[in-house]
Amino acid sequence: MSAELKYTPNEIEAKWQQFWADKKTFTVTEDPAKPKYYLLEMFPYPSGRIHMGHVRNYSIGDVVGRFKRMRGFNVLHPMGWDAFGMPAENAAIKNNSHPAAWTYENIAYMRDQLKQMGLSYDWDRELATCDVSYYRWEQKLFLEMYQKGLAYKKQSFVNWCPSCETVLANEQVEDGACWRCDNEVQQKELEQWFFRITDYAQELLDFTHKMPGWPERVLVMQRNWIGRSTGCEIDFALEGREGAIRVFTTRQDTLFGATFMSLAPEHPLALELTTPERRAEVEAFIDKVKKTDRIKRTADDFEKEGVFTGSYCVNPATGRSMPVFLANFVLVEYGTGAVMAVPTHDQRDFEFAKKYDLPLVVVIQPQGEALDPAAMAAAYTEPGVMVNSGRFDGKPSDSAKEEIADWLEQEGKGKKTVNFRLRDWGVSRQRYWGNPIPIIYCDCCGAVPVPDTDLPVVLPHDVAFTGEGGSPLARLESFITVDCPQCGKPARRETDTMDTFVESSWYFLRYCSPDFEGGMVDKARTDYWMSVDQYIGGIEHAVLHLLYARFFTKVMRDLGHISVDEPFTNLLTQGMVIKDGAKMSKSKGNVVDPDALIKKYGADTARLFSLFAAPPEKDLDWNEQGVDGCYRFLNRVWKLVHEYLSAVQGAVALDVRALTDEERTLRRAVHKTLKKVTEDIDERFHFNTAIAAVMELLNVLQGARLASPQSGAVMKEALDLLVQMLAPFVPHITEELWQQLGHTTSLADTAWPAYDPAATVDEELLIVVQVNGKLRSRLSVAVGIDEETVKAQALADDKVKVFTDGQQIRKVIYVPGKLVNIVAG
RNA sequence: GCCCAGGUGGUGGAAUUGGUAGACACGCAAGAUUCAGGUUCUUGUGCUCGCAAGGGUGUGCUGGUUCGAGUCCAGUCCUGGGCACCA
């Protein structure tokens, strides 16, 4: 093969990447004349290098983007950087550098890598969340939320390393110890900022039932996370003093069986209710619980423990005097932080009662059975028949639930309520590399928002990184010291920064008008593009990121910035990239380096393999030999086109009426493939089967012989279509071949071809003949053949007769165009 | 424990509506080209019986529905994921 005929991916790819960049092929603006399509892949954290997960994610997205573009859509396909976060700070400590330097270097390198992939991004819209031009608007939003009461401060517990004097994220706590110094981690209570996502719990839940474009399992995970439960709040009057303990329960049908009360150790009444003689023991218990880290405390094998406060309350249904305990398994954040304990019908209460020898009263029994409290080995948690419950005796517990709730409301002893598992979103991070929370603390005025005119609060550059002594910001006097915007007296800045999930909760909105100077988003432009038509990313973000982004969308809607209820119409969650049976990771040593891959095979091969090896939502098993196979395929495509180049250049115009049988058959294969590829991409996102279909077509074309003038025309059409069909998957080689086939417009700018329906119609059908459901023969018949003729042919078939001779034909079933099944016996 | 996916050749996977199971690719085997290796090309390749024609068998397991089941139903086992003291 001569040198110019050789497939040289690296040369070709650089050439066309430059071409698309020069021509600004993928730059878009709002165009009311075209249908819009907003395609988005989750933006990467600039960790240093892209990994195979990115290659896969962005290859999938690029097929959709290029395909939709060829289909006439105005495609918005942006890319950016989720650039704040802890790794930058850790790297700074380790390398004695600055998080900004580290981050921007990584971005430059990774941008280059993405460009080498040939992805169809509108790079003019690129953004980095650590840029003040981005995070300044987030500060504005924070203040708008603050004004609406959607951002607020409250006491909350954090993991605290007393030796490093710093807050630790959950993943920095290893077996209860600090990851850096190995000292014991404590729980420390700090004032922290929260977003009131719970205000939107119901709407977030309701919409999960109106999102057909999302995978059901993601919706289920979000519903579980939101965790709505309906029940009652019931007041239990305190004995011998004013006041009451309010509980939340979903099992008000067991109220008559409540024999004691369990409070969270952090409950406000915990110490108040403790009698002097119990005080020492109770305090010791509270102390012990506080020292236990939250992960351990909520582990399933954690032993139930408690302590008696010395006080009693009254069961509002029975008048029974109930001892009040503190229990380590009661969570202060959920419900009211207090639980009415029904040991006969709740397993936790049962174990607790057995341990502390508390009374058991059965109030629900299985149909036709009498439970003996003394003999019970576990709580009975199923529905049943009510007993020992006064006027409700004999009723089914299911319906009594509603009646007891009504009765409590009438008596003024309780009311029906809804509770959510979802908690407000704590956004304070005692970190440097994040968006500063724009608040000033004044001794006279309290928390004061930074005035609009003083925004943004710019993250100062000149800080020291030691990893100790808390956030670097908190030690930077020049940052902290500020005059109160209200009274002018000396005040102090908030030194906490925001959780990086905040930035990723609205970046998709900023992409619509990334240059807008007047606010977070330019409403007109954002209204044109939103919602995101297709969002693609890893399943690991099923809950947090995707829920926060939904929350922010609703908040920004209510603040008047945007018009949509939901950010992402369709969601595709792609599977992981696996090698040797495990997720790629440095520790396992099974990492494939995208740079090396592209250098050796080119981006087209890397893209093709990650699309061909598995459907997008499944895990992908990386296999070097499979990559070789894809490279071979591209070489065969290259060779095929060049082999026929001179023949098709001189080809006559295609005349479909003048084709030989052989030519028609070849053309049928081409148009059938085009039909399948179109449908596989557009309707199913099954890129692996689309590619397989093109491979099959290539096998057919390789065997073709050019015998007549028209066969040159058929081959020319075949090669044009073959190249066009492959364009979304392997854009560089196809642009090159397209040009060599004599076309002058860029392939990216051509319309996706339409298949000729007439050419896909079979002239003969293959009918499968079964006897008693077993395949025995095949018949080739004319398309329009009638049922009786097919049946007769099937029965007369020699291979069929072998199995029907001497048998009685009981029934003959004909599925038109498919098969005949003869029932004999 | 609860919920959700999934289980198909030596491997990744295909079978879109209940109608030819294993497309396509990898691997393997034989052959051609080559001094040789690599590349490229041709042929074969679920298992099994058979020289062959052909037969039997086969989609985790056990049943069921149906003329016909990888696909539907019931049960069961295994794998992966999510949730889990949430009152």
Side-chain angles (χ1 to χ4, degrees), chain A residues 1 215-225 227-229 231 247-252 254 262 264 297-304 327-331 333-342 345-349 351-352 419-423 539-540 542-543 575-576 578 609 612-615 617-630 632-633 635-636 639 676 679-680 683-684 686 688-699 702 766-778 799 802 810-815 817-825:
Chain A
M1 193 190 287
E216 186 59 25
R217 63 179 182 139
V218 174
L219 295 173
V220 167
M221 281 161 75
Q222 293 213 349
R223 281 176 211 138
N224 288 341
W225 190 263
R228 184 184 196 268
S229 47
V247 304
F248 170 73
T249 181
T250 58
R251 292 298 305 275
Q252 60 272 16
T254 64
S262 303
R297 189 171 155 193
T298 52
D300 58 351
D301 53 355
F302 197 65
E303 202 191 337
K304 287 158 196 50
N328 62 356
F329 63 88
V330 180
L331 307 173
E333 309 96 336
Y334 187 77
T336 60
V339 181
M340 69 174 206
V342 187
H345 304 294
D346 181 287
Q347 188 57 29
R348 293 157 301 179
D349 297 341
E351 287 168 31
F352 197 86
N419 231 298
F420 293 94
R421 201 190 81 106
L422 181 70
R423 314 268 201 270
I539 186 77
E540 65 272 20
V543 178
M576 285 188 303
I578 304 281
F609 179 74
F612 177 64
E617 60 281 358
K618 284 187 75 168
D619 286 348
L620 183 155
D621 202 355
W622 197 266
N623 172 302
E624 185 76 12
Q625 286 159 332
V627 180
D628 270 325
C630 287
R632 277 204 290 272
F633 168 71
N635 270 289
R636 286 164 65 206
K639 276 208 289 196
K676 176 165 177 60
E679 288 167 358
D680 277 357
E683 293 161 23
R684 307 203 305 156
H686 278 204
N688 56 332
T689 54
I691 293 164
V694 180
M695 287 175 169
E696 267 184 273
L697 178 63
L698 181 81
N699 292 341
Q702 277 185 327
L766 184 71
I767 303 289
V768 170
V769 186
Q770 298 179 338
V771 178
N772 293 331
K774 284 188 180 162
L775 176 69
R776 296 303 181 192
S777 185
R778 296 178 174 87
K799 288 183 213 142
V802 174
R810 300 185 187 278
K811 204 168 168 185
V812 181
I813 290 144
Y814 176 55
V815 181
K818 289 239 168 96
L819 78 101
V820 175
N821 188 14
I822 297 160
V823 185

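Naming: A, B, ... by sequence-line order, numbering from 1 per chain.
- Remark: the A:Arg636 side chain and the A:Asn699 side chain contain an N/O donor-acceptor pair separated by less than 3.5 Å.
- When the nearest nucleotides of RNA chain B are assigned to A:Arg421 and A:Gly626 by heavy-atom distance, the more 5′-ward of the two goes with A:Gly626.
- In this structure, the CE atom of A:Met576 is 16 Å from the C1' atom of B:rG12, given to the nearest Å.
- Of all nucleotides listed (B:rA87, B:rG12, B:rC24), B:rG12 comes nearest to the side chain of A:Ala613.
- Distance CZ (A:Phe612) to C1' (B:rU11): 13 Å, rounded to an integer number of Å.
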Self-check item: Letter per nucleotide, 5' to 3', of nucleotides 15-21 of chain B [B base touched, S only sugar-phosphate touched, - untouched; heavy atoms, 4.0 Å]
Solution: SB--BB-
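- Every salt bridge (Lys or Arg N to Asp or Glu O under 4.0 Å) that A:Arg223 has, sequence neighbours left out, goes to A:Glu216.
- In this structure, the nucleotide among B:rC3, B:rG13, B:rC26 sitting nearest to the side chain of A:Asn623 is B:rC26.
- Across all strands, A:Ser262 comes closer than 4.0 Å to no nucleic acid atom at all (heavy-atom distances).
- Distances shorter than 4.0 Å separate some side-chain N or O of A:Arg776 from OP1 or OP2 on B:rG56.
- When heavy atoms are screened at a 4.0 angstrom cut-off, A:Gly629 is found touching the sugar-phosphate backbone but no base atom.
- Of the candidates B:rA25, B:rA23, B:rC4, the closest approach to any side-chain atom of A:Arg217 belongs to B:rC4.
- One interatomic measurement links the two molecules: CH2 of A:Trp225 to P of B:rG81, which rounds to 17 Å at whole-angstrom precision.
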Quiz item: How would nucleotides 39-51 of chain B be written as a contact map, 5' to 3', with B for base contact, S for sugar-phosphate-only contact and - for no contact, using protein heavy atoms under 4.0 Å?
Solution: -SS----------
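- A:Asp349 comes within 4.0 angstrom of nothing in the nucleic acid, heavy atoms only.
- Atoms CG (A:Asn224) and C1' (B:rC86) sit 12 Å apart, rounded to a whole Å.
- Here B:rC24 presents its P atom at 13 Å from CZ of A:Phe633, a figure rounded to the nearest Å.
- Between B:rC86 and A:Asn419, no contact under 4.0 Å exists linking OP1 or OP2 to a side-chain N or O.
- Distances were taken from every side-chain heavy atom of A:Ala614 (C-beta onward) to each of B:rG56, B:rG13, B:rC86; the shortest belongs to B:rG13.
- The distance from atom CZ of A:Phe609 to atom C1' of B:rC26 is 9 Å, rounded to the nearest whole Å.
- With RNA chain B read from its 5' end, the first of the two nearest nucleotides for A:Ala692 and A:Pro615 is the one closest to A:Pro615.
- To the nearest whole angstrom, the two C1' atoms, one in B:rC77 and one in B:rC24, are 32 Å apart.
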